[in-house]
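Structure first, then comments.
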Amino acid sequence: MIKTIMVLTSSIIAFSMPLFAEGTDNTQTISVQTEKLFKQWINSFKKDAISNGITNTIFDTAFKNIQLNSRVIKADNKQAEFSREIWDYLDTATSPKRITNGKENFSNYLNTLREIEFKYGVDAEVILAIWGLESSYGKRMGDINIIEALATLAFDGRRETFGKQQLLEALKIIQRGDITPDKMMGSWAGAMGHTQFIPTSYQAYAQDFTGDGKRDVWDPSDPSDALASTANYLAEFGWVNNQPWGIEVKLPENFNYRNADLEVKATPARWSELGLKTISEGPIPNYGEGSVFLPAGAKGPAFIVFKNFFVIKRYNNANSYAMAVGHLADRIMGGNSFFNEWPRGPGALKFKEKVELQELLSKHGYDVGEADGIIGPNSISAIRKFQTSVGLIPDGMSNKDLLLKLKESKK
């Protein structure tokens, strides 16, 4: 899902009561009082929308029968209790079925994909892979009304600014005539169409590839506009045509694992000088500067990732997603699975355990920032320092073994 954030200020109606009331069947229902406040919020937001150029007619049509959506609130507030290991994620993302469906869709839309590739300079298989991951090639584009989803997010409070800015842009899309409110469907978070654009990204990058005057990323029978929009997005962020996202490599025995960091970039020639080789024992090909990436730590496959890996991350800022897109694209074109095996087994941390890990690192004097359960650059840097201090390979991996080591280590 693309995330492009802009700022929109607007008046709000504050509330401090529970959004839900318990139903007699153990389900959650929206309280009457909260529904009343939601209607008041809609009336307040209408003034902002009109001041930003939305007509009364468009607003009233778009908000007809709109209600506070409990599914959206539940999804927004839900935090994943379990982490998925990279191999589990890739097993799903690049499953045999998804690869087979990708090959079929490549054949079915070959001419369109090649035309898009020629126009935007983005490899067809990568566009196809994003389509496969975002909506299973158009089969799962979302079944929630986007106006209702975004209005709920804006009212709920936690994502108020995001909800309002996306909601205003969604109304502008409707007013432009690209889609009618009843057909503007998508995910609970406001992502729309075959390749899941949020409204601000749609406004900035969506394309009318078919030339019918509409940027229709929803059309179930013709994904052309959506695929072209995705290509345009990647092109705008610097996609390099006919270049890989990354390659699997062999590390030398004396490899300095501090260099296995996406912030550390070097030329292929320099990596070769440091002893890295391709899986076939050859020199690293010259695809420009790259970084060593160890998604499963020192015990798993090693990769050098290049510019296109980081371009994919502009679409969805997750290493696992970028890797999944790249690998799925490779498999669709007949590429093989990875040479080295994943270190499969238990070890992934639950959300609470990640928080505990960060808290322990802080107690040991390492700067992780806020203990929020997100293992980002600060946490990885702290993990490396701790690993070095206790004689472990500093690969930055967080798992149950590391958590146990932190618990056992003297402060």
Side-chain angles (χ1 to χ4, degrees), residues 1 75 78-99 102 129-130 132-134 136 245-251 255 257 260-262 279 291-305 309-310 312-313 315-331 335-361 368 371-384 386-387 392-407:
M1 180 179 68
K78 183 180 180 181
Q79 284 184 315
E81 177 63 21
F82 297 95
S83 297
R84 297 182 69 189
E85 298 281 16
I86 181 65
W87 49 84
D88 291 329
Y89 177 78
L90 289 175
D91 283 349
T92 300
T94 61
S95 66
K97 182 178 181 180
R98 204 182 301 264
I99 294 169
I130 290 177
L133 286 180
E134 293 293 346
S136 293
W245 63 276
I247 59 171
E248 190 176 0
V249 296
K250 289 185 176 181
L251 303 179
F255 180 70
Y257 281 87
D261 189 323
L262 294 181
I279 291 301
S291 303
V292 174
F293 179 42
L294 304 178
K299 296 180 181 179
F303 304 86
I304 291 182
V305 294
F309 178 86
F310 298 96
I312 297 171
K313 286 186 64 176
Y315 204 93
N316 183 321
N317 190 24
N319 294 333
S320 55
Y321 179 86
M323 189 175 183
V325 168
H327 190 49
L328 178 58
D330 292 342
R331 297 300 303 277
N336 297 321
S337 56
F338 299 126
F339 180 82
N340 288 303
E341 294 290 333
W342 296 107
R344 296 176 183 267
L349 297 177
K350 299 178 182 179
F351 177 79
K352 292 180 180 178
E353 291 173 324
K354 289 182 179 180
V355 173
E356 183 183 9
L357 178 79
Q358 291 173 317
E359 291 174 343
L360 286 170
L361 286 167
V368 298
D372 56 5
I374 299 173
I375 307 299
N378 288 340
S379 295
I380 293 173
S381 176
I383 290 169
R384 289 181 189 278
F386 173 75
Q387 288 173 322
L392 298 175
I393 294 175
D395 59 5
M397 286 301 296
S398 56
N399 51 38
K400 292 184 185 297
D401 288 341
L402 182 69
L403 180 59
L404 180 61
K405 193 73 174 180
L406 270 165
K407 290 178 179 179

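Model, not experiment: these values are computed from the prediction.
- With sequence neighbours excluded, the residues forming a ring pair (Phe, Tyr, Trp, His ring centres under 6.0 Å) with F293 are F309, listed by chain and number.
- For A298, the side-chain contact (heavy atoms from CB on, under 4.5 Å) criterion is met by Y257, I393, D395, not counting sequence neighbours.
- Side-chain atoms of I383 and M397, non-hydrogen and from C-beta on, never get closer than 4.5 Å to each other.
- N378 is not listed as a side-chain neighbour of Q358, based on a closest heavy-atom distance of 4.5 Å or more.
- The side chain to side chain donor-acceptor pair (under 3.5 Å) search around E248 returns N340, not counting sequence neighbours.
- Between the CG atom in D261 and the CZ atom in R384 there is a gap of 5.0 Å [rounded to 0.5 Å].
- Between L349 and L357, the shortest heavy-atom distance links the atoms CD1-CD2, 4.0 Å.
- The two residues L294 and A302 make their nearest non-hydrogen contact at CD2-CB, 3.4 Å.
- Between atom CD1 of residue I312 and atom CG of residue N316 there is a gap of 10.5 Å, rounded to the nearest 0.5 Å.
- Counting heavy atoms from C-beta on, the side chains of E359 and V355 come closer than 4.5 Å.
- Taking each heavy atom of A129 and L328 in turn, the nearest pair found is O-CD2, 3.7 Å.
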Take Y321 and I130 through the side chain to side chain contact (heavy atoms under 4.5 Å, CB included) test and state the conclusion after the steps. CA-CA 9 Å; Y321 179 86; I130 290 177; 3.7 Å; yes
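- The distance from the NZ atom of K405 to the CG atom of N399 is 12.5 Å, given to the nearest 0.5 Å.
- A search for salt bridge (Lys or Arg N to Asp or Glu O under 4.0 Å) contacts involving K407 returns E356, not counting sequence neighbours.
- Note that OG of S320 is 11.5 Å distant from CD of E85, once rounded to the nearest 0.5 Å.
- In terms of the salt bridge (Lys or Arg N to Asp or Glu O under 4.0 Å) criterion, residue partners of K400 (sequence neighbours excluded) are, by chain and number, E353.
- Sequence neighbours left out, the pairs with a member in residues 322-331 that pass side-chain hydrogen bond (donor to acceptor under 3.5 Å, both in side chains) are W245-D330.
- The NZ atom of K354 lies 12.0 Å from the CG atom of L403; values are rounded to the nearest 0.5 Å.
- Closest non-hydrogen pair, P343 versus G300, comes out as CD-CA, 3.7 Å.
- Residues satisfying the ring pair (Phe, Tyr, Trp, His ring centres under 6.0 Å) criterion with F386, sequence neighbours excluded, are H364.
- Of the inter-residue distances, the one linking Y315 atom OH with E134 atom CD reads 5.0 Å to the nearest 0.5 angstrom.
- By the salt bridge (Lys or Arg N to Asp or Glu O under 4.0 Å) test, K250 pairs with E281, sequence neighbours left out.
- The two residues A322 and K313 have their closest heavy-atom pair at CB-CG, 3.7 Å.
- Under the rule for a salt bridge (Lys or Arg N to Asp or Glu O under 4.0 Å), the partners of D91 that lie at least two apart in sequence or sit in another chain are R344.
- Scanning both residues, S136 and R98, for their nearest heavy atoms gives OG-NH1, 3.7 Å.
- S291 is linked by a side-chain contact (heavy atoms from CB on, under 4.5 Å) to L262, K265, V305, F310, counting only residues two or more places apart in sequence or in another chain.
- Here A324 pairs with Y89, L90, A93, L133 under the side-chain contact (heavy atoms from CB on, under 4.5 Å) rule; sequence neighbours left out.
- In this structure T94 satisfies the side chain to side chain donor-acceptor pair (under 3.5 Å) test with no other residue, sequence neighbours excluded.
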